[in-house]
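Just so we're on the same page: letters track the sequence lines, and every chain starts at 1.
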Amino acid sequence: MNLLKRIVAVLAILSAVLISSGPSFADTDTTQSVIIRWYGLINGLVRHTPTYSPPVAARAFGYLGVMSYEAVASGSDHLQTLAGQLNGLKPLPKREAGKEYNNDVVLNAAMAAFTPVFFENTGPSGQNAMGALATEMTAKVSTGVAPDVVERSTAYGKAIADAIIAWSKNDGGAVIKNMGFTENYKIKVGPQYWVPTNQQALQQHPLLPNWGNNRTFAIPKISACVLSAPLPYSEDKSSAFYKEAYEVYDVGIHLTPDQKAIATFWSDDPLLTLTPAGHGMSIALQILERDNVDLEKTVDVLARLGVAQADAMIGAWHAKYLYSLLRPVTYIQRHIDKKWDAYLITPPFPDYLSGHSVQSGSLDVVMTKEFGDNFAFVDKTGEADNLPARSFSSFDAAAHEAAISRLYGGIHYRSAIERGVLYGKCIGEYTNALKTRR
Amino acid sequence: MFKTCLIVSLLAFGTSAMAQGNVIIPHFANETETSGLNSVYKGDWQYMVGGGVAAFDCNGGGFPDLFFAGGENNARLFINKSKRGGELKFEEAKDTGLEFDHVTGAYPIDIDGDGIMDLVVLRVGENKIMRGDGHCHFTEMNKQWNIDGGDAWHTSFSATWEKGNNLPTLAFGTYIDRKFENDPWGHCTDNFMLRPADDQKTYGPQIALTPSYCSLSMLFTDWNRSGTPSLRVSNDREYYVGGQEQMWHVDAGQAPKLYTEDEGWKYVRLWGMGIASADINNSGFPSYFLSSMADQRMQLLSDGSDKPTYHEAQYAMGTSAQRPYAGGDLRSSTGWHTQFEDVNNDGLYDLFIAKGNVDRMPDFASKDPNNLLLQKPDGNFMESGEKAGILSYRNHRGALLVDLNLDGKLDLVTVARRENVEVWRNVSTDLGHFLEVKLAEEGGNRNAIGAWIEVKEANGKLMSRENFIGGGHVSGKAGFLHMGLGAQTATQVRVTWPDGTKGEWQDVKADGFYLLEKGKAPKAWQASD
């Protein structure tokens, strides 16, 4: 299934949600299409904008979720603003008391202002797509709305977007140079440390080594969650470290078809997929459809998941460059089998912790809090890449499968995976502590 | 409005090549202004890729004439008026039948085996299959040969003669579905093949190469020397979803079938824009160079001819060409046409890569000079574009290294988006010796496409090259095949013909042009000025 079909599928999912969710969901059907169309476009932009590596994508989904939430919350009697709760987020522009606003116009104006800023570096096709969607949706949402309401709502939506953009500017992640590969970063020297793992000149420098210093969203400081050190490095065959590396090797040379399918399903490679954070958003969107969730809960879930995943990626990157642990492929080729290669492409940054595992742990706690334990769902995210849907009995099960997929893929040791999930859960709990309902 | 913008080389050049270490650096003189060439590849979204050039002899004069894609401008054909070894001179041909707009690129090919070169013209819209008359006039043959030219954004081409056929099998690559300009991702249209009909005079219907992933280069290549070429396709990940680089089994009488992971094909995903192929390491098998954005990829065969498994070696070999080497723009590069040739006649394949930003891509260099990577004796490569005098910051697309004045030294012609084409003459005087050969055999495949030529080099190794149509970036050439001989003043050459027949080793003198006809002795050829 190609991307358009996938986007259409997501849109259809959301359409079903919005249409069937009763009067509290939206002002009109157009509100649905504003969210659906812009999220659909952003999914495409994440896949096709050169700087959108997993941390960068997670950051964008974080701000996008908060912006959408605040655009709706400002006109809601039930939702509580996140200003004052998220780090650095000051009170946002308010709607003028007693004046009429149109949520469709507000949301569209916000999305239309937000997207070109976050994807200003996308190529000509992305630029065309953003301009065309803004033109189309602006005409659509304005039809039949009094001119003064359109004007007021447009200004308000843009004001919300401007405030979110301004908030984002000084978080440390707004400027990505050299596609994220930092040339002046001094790679640590020693047998236990990460070294480049491929033949790409760009990737002889590690990806985003300073990302762990970025301002977090919900967790006060990334050090609020305890981070344990990796296993002591050793080349002794009886050591725990060697055994973990050998496990990656052994699993890799005996991969079952199901293990390959799992590794591929959760691969979520940058510039080719939605990335891990986008995959998480896709899971949320599918569930929102299945359960006909209303608009307020929809933006609540998208905001909190976005925030948790963005924090998770900051946490994972903090760990990666704190320890700079070498990847399994390096260790295995040095000490076990020179010809061995990982099933997946080894990402161009250190091993510990597994970013996908941390992200999955954060998703687990946020979604479980919202939807409960043993919440079964089917994930069709992979259909865009001709990957069959996978079924899960709970978010915890999905998170653990996503995490262990990195071992099957040969790109992480077990401890980076298992500790990553726990670390992500800790980070996610800070998002769960946010108050979104009055 | 058409606007010329010619750049005169301001470099004070001598005619001597320079030696750096053990590598002779050739020198090129920019002769665009005096060449008479004047063509601009113009257009917006639908012309952000493409912009090819074809080099072939359209009038039997022996010298390569040049056909340029024009995008929204009409394509142009220029007759080569150069003298052997002299300055490059061209004169535009009129009323050639090739004055189409919407042309993205072209490949010369003698489709009907009449000994006169025809031209496959790739277009946004319907491709045109143009039959040459030997006097630089062309007639569209789509209807007569029952060729379905399609209606797509055509961006790549390759051809092969499958066993038993008089006509070639034609493969066309396509790009984004034009209906989706505002939502292009995941909207790659199908590539397709055309096979000869049973009458061997016309063609059958399109055979879709599904799935297709926005191909910008394709090449029939005998990767394992089995005698049956496969179709490599390089795809642009900017627009596909779920895609990857591809290679198709194309076995006579069988439906094309993708090589699989189980067969050893490893998935690779890049902004695939061009394919270069040559036996760069004297292994007897082709290596492949894939141009892309950021890192270019060098793929070497890993496990012999049993499995199509390739490993990357661009960083180790010095062919990453990831960012500009001159001009101060440190952002990543964008590679397009790419081609292996021996530009300094030392018996080692060198590598050219045309460079240029797609269009306002802010993460990629806007000043992005073409690369000329010279192979060193140790097998690695060194950048020499600036020293060789080919520095240009135009927005390049298609290109060709081709001996335009038949002096045994490869010249360079490039196409740039929205700017005039450029041409450089190789004016070096102390390069190694050379050999140029043209193949011929009876039957439909007159130019022996699919043959392999081997030449004995001074170092005891064999320089081999495949005679193919396709690859690069919408740019192709026909005519003499060039090989450097280093210090050798004579050597031996052998041809393995498309049917697998292995010819005898035959003596040839250096610095000569030869016609190699199957079953006959080499025949020296002399250009008539």
Side chain, backbone, both or neither of A/I345 within contact of chain B (heavy atoms, under 4.5 Å):
both
Nearest heavy-atom approach of A/A384 to B/V241 is O-CG1, 3.3 Å
Looking only at B/R360, B/M48, B/R323, the option with the highest number of non-hydrogen pairs under 4.5 Å against chain A is B/R323
Does A/R37 form a salt bridge (Lys or Arg N to Asp or Glu O under 4.0 Å) with B/D183? I'd like the steps, not just the answer.
CA-CA 11 Å; A/R37 294 293 301 278; B/D183 182 17; over 6 Å; no
For chain A, find which of B/Q314, B/E312, B/M317 contributes the most heavy-atom pairs closer than 4.5 angstrom.
B/Q314
Contacting moiety of B/Q296, where chain A heavy atoms sit under 4.5 Å
neither
Heavy-atom proximity to chain B below 4.5 Å, by part of A/N121
both
Take atom NZ in B/K307; do more than 12 heavy atoms of anything else shown fall under 6.0 Å from it?
no
Tell me, for B/N182 versus chain A, whether the close heavy atoms (under 4.5 Å) come from the side chain, the backbone, both or neither.
both
B/Y349 side chain reached by B/F381 side chain, heavy atoms, under 4.5 Å
no
Which bit of B/E181 comes within less than 4.5 Å of chain A, counting heavy atoms only: side chain, backbone, both or neither?
both
With a distance cut-off below 6.0 Å to the six-membered ring centre and an angular limit of 45° from the axis, does B/R397 pair with B/W336 as a cation-pi contact?
yes
Please name the pair of heavy atoms, one in B/F364 and one in B/N357, separated by the smallest distance, quoted to 0.1 Å.
O-ND2, 3.1 Å
If you tally heavy-atom pairs under 4.5 Å against chain B, which of A/N198, A/T122, A/L271, A/D341 wins?
A/L271
Is there a side-chain contact between B/S332 and A/L202 (heavy atoms, below 4.5 Å)?
yes
For A/D269, is it the side chain, the backbone, both, or neither that has a heavy atom closer than 4.5 Å to a heavy atom of chain B?
side chain
A/Q127 versus chain B, the contacting section by heavy-atom distance below 4.5 Å
neither
Using a 4.5 angstrom heavy-atom cutoff, name the option from A/A129, A/A201, A/A132 with the most pairs to chain B.
A/A201
Turns out that what part of A/Q204 lies under 4.5 Å from chain B's heavy atoms comes down to side chain
Taking the cut-offs as 6.0 angstrom to the six-membered ring centre and 45 degrees off its axis, would you call B/R232 and B/Y288 a cation-pi pair?
yes
What part of B/R237 lies closer than 4.5 angstrom to a heavy atom of chain A: side chain, backbone, both or neither?
both
State, with a plain yes or no, whether a side-chain heavy atom of A/M111 is found less than 4.5 Å away from one of A/M137.
no
